[in-house]
K.L.:
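Quick one: this structure, given as C-alpha cells, is what I'll be asking you about.
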Amino acid sequence: MVIDIKNISKSFATKDKEFTALEDINLSIGEGELICLLGPSGCGKTTLLRLIGGLEKADSGEIYDRGELVTGPSKERGFIFQQYSLFPWLNVLDNVMFGLNLSGDKSKEENLAAAERYLERVGLAEFKYNYPHELSGGMKQRVAIIRSLLNHTPVLLMDEPFSAVDMLNRHNLQEQLIEVWKRFNSTIVFVTHDVDEAVYLADKIVVMDKKPGRIKEIVSVDLPHPRQRESKEFLNFQDQIEKLLGVWEI
C-alpha cells in the first residue's frame with residue numbers, strides 16, 4: 001500500500017464546544033489508485049486530506065506513506081488547494097515551469113514544450129506572459145492545477161481543485177488529470193462534492209458520513225477510461241452513490 005490510514009480520529013475545539021471531525025477512519029490506498037472522497041459538508045473530507053498531507057495532526061491513529069509514518073509535509077506528496085496559490089512576481093508560463101525547472105529532471109526546452117502544451121489544452125496559451133493579477137479567478141486556478149500536474153509527485157492530494165472552474169474547462173482538466181495519472185502512475189486522493197466528477201475520475205469512491213465523520217461505504221468504479229457520462233453503466237454508478245448520500249446536501 002502507498003497510503004495506509006489506521007484508526008484515525010480528529011477533533012476541533014470551537015468557542016462553545018468541541019466537535020469530532022473524524023472518528024476511527026481506516027483506509028488503504030494502493031499504488032497508482034485514484035481515490036475520491038465524497039460526502040456531505042462537514043463530514044471531514046478536507047480534514048482527512050490534510051492529515052494525509054501532514055498538514056494536520058490526528059488526535060489518535062497513524063498514517064503511513066509507503067511504510068513511513070507521516071509526521072509532516074513532504075515533497076513526495078503534492079497538494080492542490082481549493083484556492084489558487086501562484087507566485088505574483090512570475091508570469092503564467094514561469095509559474096507553470098517553476099517546479100519543473102527546480103527538479104532538473106529534463107532540459108528547459110523540454111519543460112517549456114510541456115508547459116506550453118498543457119496551457120494550450122486549457123485555453124491559456126495566449127495568456128502565458130500575463131501575471132496573476134491580470135487573470136480571472138478561474139484562470140488562476142487552471143494555472144495552479146497545471147503547475148501541480150506537471151510536477152509529477154508520487155502522491156497528489158487534491159481538495160476540490162475544479163470547483164471554481166467553468167464546466168467546459170472542468171471536463172478538460174478532468175481529462176488531463178486522467179492522462180497524467182495514467183502516464184506517471186501517480187497515486188491521487190481527490191476531494192469532491194460532485195457525484196458526476198467522482199464517478200468520472202475514481203477507481204474507488206469513499207462515501208463519507210458526518211457527525212462524526214466516518215466512512216459509510218467504499219464503491220469500486222470498474223469502468224474503463226475514458227468514461228462515457230451518458231452510458232447506462234455510468235448513470236447506474238451515479239444512482240448508487242446518490243442513494244448512499246440520501247437526502248444530504250453535499
K.L.:
Working note: I5 + I52, criterion side-chain contact (heavy atoms from CB on, under 4.5 Å); need CA distance, chi angles, decisive distance, verdict.
P.N.:
CA-CA 8 Å; I5 300 167; I52 296 169; 3.8 Å; yes
K.L.:
Are any of the side-chain heavy atoms of M158 and T192 separated by less than 4.5 Å?
P.N.:
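Counting from C-beta outward, M158 and T192 never come under 4.5 Å.
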K.L.:
If a pair satisfies ring pair (Phe, Tyr, Trp, His ring centres under 6.0 Å) and one of its residues is in residues 197-240, list it, with sequence neighbours excluded.
P.N.:
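Residue pairs with at least one partner in residues 197-240: W181-H225.
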K.L.:
Could I get the full list of side-chain hydrogen bond (donor to acceptor under 3.5 Å, both in side chains) partners for D166, not counting sequence neighbours?
P.N.:
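Counting only residues at least two positions away or on another chain, D166 forms a side-chain hydrogen bond (donor to acceptor under 3.5 Å, both in side chains) with N169.
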K.L.:
Looking at E18, I'd like to know if its CD atom is crowded, meaning that more than 12 non-hydrogen atoms belonging to other residues, nucleotides or ligands lie closer than 6.0 Å.
P.N.:
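It does: E18 CD has more than 12 such atoms within range.
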K.L.:
Between D196 and R229, does at least one N-O distance fall below 4.0 Å, as a salt bridge requires?
P.N.:
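So D196 pairs with R229 through a salt bridge.
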K.L.:
What is the minimum heavy-atom distance between T187 and G32, and which atoms define it?
P.N.:
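The answer is OG1-N, 2.9 Å.
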K.L.:
Looking only at the side chains, is there a donor atom on one of N172 and Q176 sitting less than 3.5 Å from an acceptor on the other?
P.N.:
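Yes, a side-chain donor-acceptor pair sits under 3.5 Å.
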K.L.:
Do the side chains of Q240 and K243 get nearer than 4.5 Å, heavy atoms only?
P.N.:
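No, every pair of side-chain atoms sits at 4.5 Å or beyond.
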K.L.:
Restricting to side-chain hydrogen bond (donor to acceptor under 3.5 Å, both in side chains), what partner residues turn up for E62, sequence neighbours left out?
P.N.:
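E62 satisfies side-chain hydrogen bond (donor to acceptor under 3.5 Å, both in side chains) with Y64 only.
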K.L.:
Within the structure provided, determine whether I29 and L27 are in side-chain contact (heavy-atom separation under 4.5 Å).
P.N.:
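I29 reaches L27 side chain to side chain.
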K.L.:
Verify side-chain contact (heavy atoms from CB on, under 4.5 Å) between V189 and V206, making sure each step is shown before the conclusion.
P.N.:
CA-CA 10 Å; V189 186; V206 179; over 6 Å; no
K.L.:
Between atom CG of L86 and atom CG of N91, what is the distance when rounded to the nearest 0.5 Å?
P.N.:
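Answer rounded to 0.5 Å: 11.0 Å.
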K.L.:
Taking the side chain as every heavy atom from C-beta outward, state whether F79 and S148 have any pair of such atoms under 4.5 Å apart.
P.N.:
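Not touching, per the 4.5 Å side-chain cut-off.
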K.L.:
If you compare all heavy atoms of D194 against all heavy atoms of L38, which two are closest, and at what distance to 0.1 Å?
P.N.:
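Heavy atoms only, the tightest pair is N-CD1, 4.0 Å.
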K.L.:
Working to the nearest 0.5 Å, report the span between CG of L48 and OG1 of T46.
P.N.:
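Going from CG on L48 over to OG1 on T46, the span is 9.5 Å.
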K.L.:
For K10, give me all partners under salt bridge (Lys or Arg N to Asp or Glu O under 4.0 Å), at least two apart in sequence or on another chain.
P.N.:
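Partners of K10 by the salt bridge (Lys or Arg N to Asp or Glu O under 4.0 Å) criterion come out as none, since no residue qualifies.
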K.L.:
Show your reasoning for whether side-chain contact (heavy atoms from CB on, under 4.5 Å) applies to N26 and I215.
P.N.:
CA-CA 8 Å; N26 289 276; I215 294 176; 6.0 Å; no
K.L.:
Report yes if the side chains of P132 and N95 come closer than 4.5 Å at any heavy-atom pair, otherwise no.
P.N.:
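When only atoms from C-beta onward are counted, N95 and P132 do touch, with a gap below 4.5 Å.
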K.L.:
Is there a side-chain contact between D203 and V221 in this structure, where contact means two heavy atoms from C-beta onward sitting under 4.5 Å apart?
P.N.:
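No - every pair of side-chain heavy atoms lies 4.5 Å or more apart.
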K.L.:
Considering residues at least two apart in sequence or located in another chain, which fulfil the side-chain hydrogen bond (donor to acceptor under 3.5 Å, both in side chains) criterion with D4?
P.N.:
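For D4, the residues satisfying side-chain hydrogen bond (donor to acceptor under 3.5 Å, both in side chains) (neighbours in sequence not counted) are S28.
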K.L.:
Hydrogens and angles aside, do T20 and E23 bring a side-chain donor and acceptor to less than 3.5 Å of each other?
P.N.:
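Side chains of T20 and E23: no pair found under 3.5 Å.
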K.L.:
Apply salt bridge (Lys or Arg N to Asp or Glu O under 4.0 Å) to E120 and list each qualifying residue two or more places apart in sequence or on a separate chain.
P.N.:
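Checked E120 against salt bridge (Lys or Arg N to Asp or Glu O under 4.0 Å); zero matches.
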K.L.:
Residues sharing M1's hydrophobic cluster, by side-chain heavy-atom contacts under 4.5 Å among ILVMFWY, directly or via others?
P.N.:
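Under the 4.5 Å side-chain rule, M1 groups with nothing.
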K.L.:
Which heavy atom of A115 sits nearest to which heavy atom of L93, and what is that distance?
P.N.:
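That would be CB-CD1, 3.9 Å.
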K.L.:
Yes or no on side-chain hydrogen bond (donor to acceptor under 3.5 Å, both in side chains) for D59 and S9, after CA distance, side-chain angles and deciding distance?
P.N.:
CA-CA 6 Å; D59 298 334; S9 294; over 6 Å; no
K.L.:
Can you tell me how far the CG atom of L156 sits from the OG atom of S186, to the nearest 0.5 Å?
P.N.:
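Reported value, rounded in 0.5 Å steps: 6.5 Å.
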K.L.:
Indicate yes or no: at least one non-hydrogen side-chain atom of K108 is less than 4.5 angstrom from one of L112.
P.N.:
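Not in contact.
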K.L.:
I'd like to know if the side chain of D209 reaches the main chain of K216, judged simply by a donor and an acceptor atom lying under 3.5 Å from each other, with no hydrogens or angles considered.
P.N.:
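Flag not set: sc D209 to bb K216 has no pair under 3.5 Å.
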K.L.:
My understanding is that a hydrophobic cluster links ILVMFWY residues whose side chain heavy atoms are under 4.5 Å apart, including indirect links. Using that, what else belongs to the cluster containing Y131?
P.N.:
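Same cluster as Y131: nobody, lone residue.
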K.L.:
If you look only at pairs with a residue in residues 71-81, which of them pass as a salt bridge (charged side-chain N to carboxylate O under 4.0 Å, His left out), with sequence neighbours excluded?
P.N.:
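Matches after skipping sequence neighbours: D65-R77, R66-E76.
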K.L.:
Supply the atom-to-atom distance E116 CD to L124 CG, rounded to the nearest 0.5 angstrom.
P.N.:
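Interatomic distance, E116 CD to L124 CG, rounded to 0.5 Å: 12.5 Å.
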K.L.:
Rounded to the nearest 0.5 Å, what separates atom CG in L49 from atom CD in E160?
P.N.:
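L49 atom CG to E160 atom CD measures 10.0 Å (nearest 0.5 Å).
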K.L.:
Looking only at heavy atoms, what is the nearest atom pair of A58 and I8, with distance?
P.N.:
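Taking A58 first and I8 second, the nearest heavy atoms are CB-CD1, 3.6 Å.
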K.L.:
At what distance, to the nearest 0.5 angstrom, does CZ of F162 lie from CG of L173?
P.N.:
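One finds 5.0 Å between CZ of F162 and CG of L173.
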K.L.:
Do I205 and V199 touch side chain to side chain, with heavy atoms closer than 4.5 Å?
P.N.:
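Side chain of I205 against side chain of V199, heavy atoms only: contact under 4.5 Å found.
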K.L.:
Would Y118 and E179 satisfy side-chain contact (heavy atoms from CB on, under 4.5 Å), going step by step from the backbone distance to the final call?
P.N.:
CA-CA 11 Å; Y118 275 74; E179 179 185 329; 4.0 Å; yes
K.L.:
State yes or no: do I25 and I218 share one hydrophobic cluster built from I, L, V, M, F, W and Y residues joined by side-chain heavy-atom distances below 4.5 Å, directly or via other members?
P.N.:
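Result: yes, single cluster for both.
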K.L.:
Could you tell me which non-hydrogen atom of K210 sits nearest to which non-hydrogen atom of S41, and how far apart they are?
P.N.:
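Distance-wise, the nearest heavy atoms are CD-O, 3.4 Å.
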K.L.:
Can R142 be said to sit on top of F127's aromatic six-ring, NZ or CZ under 6.0 Å from centre and within 45° of the ring axis?
P.N.:
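No cation-pi geometry.
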K.L.:
Other than F19, what residues sit in its cluster of Ile, Leu, Val, Met, Phe, Trp and Tyr side chains whose heavy atoms are under 4.5 Å apart, directly or through others?
P.N.:
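When side chains under 4.5 Å apart are linked, the cluster holding F19 also contains F12.
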K.L.:
Kindly work out whether a path of hydrophobic side-chain contacts (I/L/V/M/F/W/Y, heavy atoms less than 4.5 Å apart) joins Y129 to I146.
P.N.:
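Looking at the clustering, I146 is in the same group as Y129.
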K.L.:
Has N111 got a side-chain atom pairing as donor or acceptor with M97's backbone, closer than 3.5 angstrom?
P.N.:
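Not a single qualifying donor-acceptor pair exists.
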K.L.:
Can you list every pair that meets salt bridge (charged side-chain N to carboxylate O under 4.0 Å, His left out) and has a residue in residues 30-41, with sequence neighbours left out?
P.N.:
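For residues 30-41, and leaving out neighbouring residues, the salt bridge (charged side-chain N to carboxylate O under 4.0 Å, His left out) pairs sorted by first residue read E33-K204.
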K.L.:
For P161 and V191, work out which heavy atoms get closest and say how close.
P.N.:
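Minimum heavy-atom separation between P161 and V191: CD-O, 4.2 Å.
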K.L.:
Show your reasoning for whether salt bridge (Lys or Arg N to Asp or Glu O under 4.0 Å) applies to R227 and E175.
P.N.:
CA-CA 10 Å; R227 294 173 180 168; E175 291 170 10; over 6 Å; no
K.L.:
By salt bridge (Lys or Arg N to Asp or Glu O under 4.0 Å), which residues pair with E56, not counting sequence neighbours?
P.N.:
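For E56 the salt bridge (Lys or Arg N to Asp or Glu O under 4.0 Å) partners, ignoring immediate neighbours, are R50.
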